[in-house]
Participant: 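Take a look at this one; I'll ask things after.
If you're wondering where the values come from, they're calculated on a predicted model, not measured in any experiment. Any value given below was found using the heavy atoms of this structure, including those in side chains, with hydrogens, waters and symmetry copies removed.
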Amino acid sequence: MSSDTRKSSAAIVGAGPAGLMAAETLAATGLRVTVYEQMPSVGRKFLLAGRGGLNLTHSEPFDAFVARYGAATPVLREAIEAFPPARLRAWAEALGQETFVGSSGRVFPKAMKASPLLRAWLRRLAESGVTFRLRHRWTGWSEGGLRFEGPDGELSVGADVTVLALGGASWPHLGSNGQWAPLLTETPGTTVAPLVPANCGFVVNWSQMFRSRFEGQPLKGVSLRVGDRSVRGEALVTRSGIEGGAVYAISAPLRDAAMRDGRATLEVALRPDLDDADLAARLARPRGKQSLSTWLRKTLNLSPVAIALLHEACAMSGGTLGSLDATAVAKLVNHLPLRIEHAEKIDRAISTAGGLTFGDLDRNFMLKNRPGVFVAGEMLDWEAPTGGYLLQACFATGVAAGEGAAKWLHRTTNKSR
């Protein structure tokens, strides 16, 4: 193993939003910062997010905002309070990327893509002295600090402080693949919760006829329910099942139910604006010579894919829609049970849940059992829905880890004098 003779004051492992923000934060304190990234370029998943407009954050009131992080809210609140949505917008605008609030409350750069922001950010990092070592894959710890596999073989890197921002396991071809988990657990007392898909689609065993006719069709204005959680929005029929904004928003309890019970039921309301009594009254009107599909389309304003879904649900339970009376059809319209087999594979998910547990960190995001090593971003055990919450937490924890590392280094340096 060769040894890297240039000892960096700060080493950042991972060049996604959390790692780059930690690098910027540490460079601002005057430290010499090196970012190590296993891919040949930086911010690949960040650029992918930009294809959908780059939803940076959300404009809703702060308490409602932080509640989106569920069980992780208590530990993420302080970091997001210190670097809230307003500060993230100001940061982007300082890079020449003006932002705006969309009709849904989501915040986007006016350019509606990530590349201009990333280019400006990298320029500023370079001007602050941050250096990058690409194609360097972290392979664990060495006596000198960090061990990497680089273009010229293995090397050992010493650093006064380290920030790990290794990402989750979704979209592994972009770099982050979760293979860091065993490396972290080499340290006694370090726990990594299994990485599982989040903001993901789900597998449904559609009939061949339904799949071939309705793949790619949207279910608009529906309501989805799992247990006591419900959400309104849009879903999309896919070849393998169902996905879309409303599905992503309810994916956590749906995934957990499927993992716990082997499968789960997603209750779909096709006309959530009408109650059961109103539906029953409309369907009690004489049908005449109309076909069942025409009757449902005209009486309830259901789309062809929604009507087909009613047929599909009946077929899954071994019955037929035509055998139901008006009351039973009315109930099915807003209480349609869709049998979910399991979540789509993690490499197709937008993000991941699981990761390094917060109990292994102090309040400054430092590993309790590895002083001087800080952790940020999606590799931590939190999840959030789409809508700007994912990037906001990555940026905020990157700042928190960078500030924590700078404070720790300052304290330890003063003690040694």
Side-chain angles (χ1 to χ4, degrees), residues 2-47 79 82-83 87-88 90-97 114-138 142 144-148 150-152 155-167 175 364-366 371-377 394-414 416-417:
S2 66
S3 177
D4 185 351
T5 58
R6 295 173 300 169
K7 180 167 180 167
S8 303
S9 294
I12 313 297
V13 187
L20 294 179
M21 190 57 82
E24 180 171 341
T25 303
L26 283 163
T29 69
L31 295 178
R32 188 168 62 250
V33 179
T34 304
V35 178
Y36 297 86
E37 167 59 45
Q38 68 175 344
M39 301 301 286
S41 60
V42 308
R44 290 193 167 198
K45 191 172 180 181
F46 184 66
L47 290 172
F83 193 82
R87 189 174 164 192
L88 175 53
W91 170 85
E93 290 174 8
L95 287 169
Q97 299 303 306
S115 52
L117 177 60
L118 183 59
R119 284 196 299 269
W121 193 5
L122 292 176
R123 281 196 299 270
R124 189 162 72 184
L125 288 170
E127 290 166 359
S128 68
V130 174
T131 59
F132 290 85
R133 302 194 71 174
L134 305 177
R135 303 180 190 273
H136 280 70
R137 181 173 61 88
W138 182 56
S142 70
L146 300 164
R147 188 173 67 246
F148 292 92
D152 300 320
L155 69 157
S156 179
V157 173
D160 296 315
V161 289
T162 297
V163 177
L164 302 177
L166 298 163
N364 293 313
F365 293 85
M366 184 175 74
V373 177
F374 296 75
V375 186
C394 287
F395 281 117
T397 57
V399 171
E403 292 180 344
K407 288 187 290 186
W408 180 86
L409 183 58
H410 178 73
R411 288 196 303 269
T412 54
T413 300
N414 286 341
S416 65
R417 289 175 179 171

Participant: Tell me, do L125 and V33 make a side-chain contact under 4.5 Å, heavy atoms counted?
Facilitator: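 Sidechains of V33 and L125: no contact.
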Participant: Looking only at atom types and distance, does a side-chain atom of T34 sit under 3.5 Å from a main-chain N or O of T131, one as donor and one as acceptor?
Facilitator: no
Participant: Using the test side-chain hydrogen bond (donor to acceptor under 3.5 Å, both in side chains), find all partners of T29 that sit at least two apart in sequence or belong to another chain.
Facilitator: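 T29: no side-chain hydrogen bond (donor to acceptor under 3.5 Å, both in side chains) contacts found.
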Participant: With L409, which residues qualify under side-chain contact (heavy atoms from CB on, under 4.5 Å), at least two apart?
Facilitator: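 Scan of L409 (side-chain contact (heavy atoms from CB on, under 4.5 Å), adjacent residues dropped) gives L31, D160, V161, T412, T413.
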Participant: Let me know which of V375, V163, V399, T397 forms a side chain to side chain contact (heavy atoms under 4.5 Å, CB included) with F365.
Facilitator: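 Considering V375, V163, V399, T397, a side chain to side chain contact (heavy atoms under 4.5 Å, CB included) with F365 is found only for T397.
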Participant: For residues 12-21, which residue pairs qualify under side-chain hydrogen bond (donor to acceptor under 3.5 Å, both in side chains), counting only residues two or more places apart or in two chains?
Facilitator: none
Participant: At what distance, to the nearest 0.5 angstrom, does CG of L88 lie from CD of E93?
Facilitator: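 If I round to the nearest 0.5 Å, the distance is 10.0 Å.
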Participant: With rounding to the nearest 0.5 Å, note down the distance linking CG in L155 to CZ in R147.
Facilitator: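 One gets 10.5 Å once the value is rounded to the nearest 0.5 Å.
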Participant: Could you pull out all residues at least two apart from R124 that satisfy side-chain contact (heavy atoms from CB on, under 4.5 Å)?
Facilitator: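 Counting only residues at least two positions away or on another chain, R124 forms a side-chain contact (heavy atoms from CB on, under 4.5 Å) with E24, W91, A94, L95.
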Participant: Who passes side-chain hydrogen bond (donor to acceptor under 3.5 Å, both in side chains) against S41, sequence neighbours left out?
Facilitator: R44
Participant: Run the side-chain contact (heavy atoms from CB on, under 4.5 Å) test against A18 and tell me which residues pass, sequence neighbours left out.
Facilitator: A165, A376, C394
Participant: Which value, rounded to the nearest 0.5 Å, describes the distance between R135 atom CZ and M39 atom CE?
Facilitator: 8.5 Å
Participant: If only atom types and distance count, is the side chain of H410 paired as donor or acceptor with the main-chain N or O of W408 below 3.5 Å?
Facilitator: no
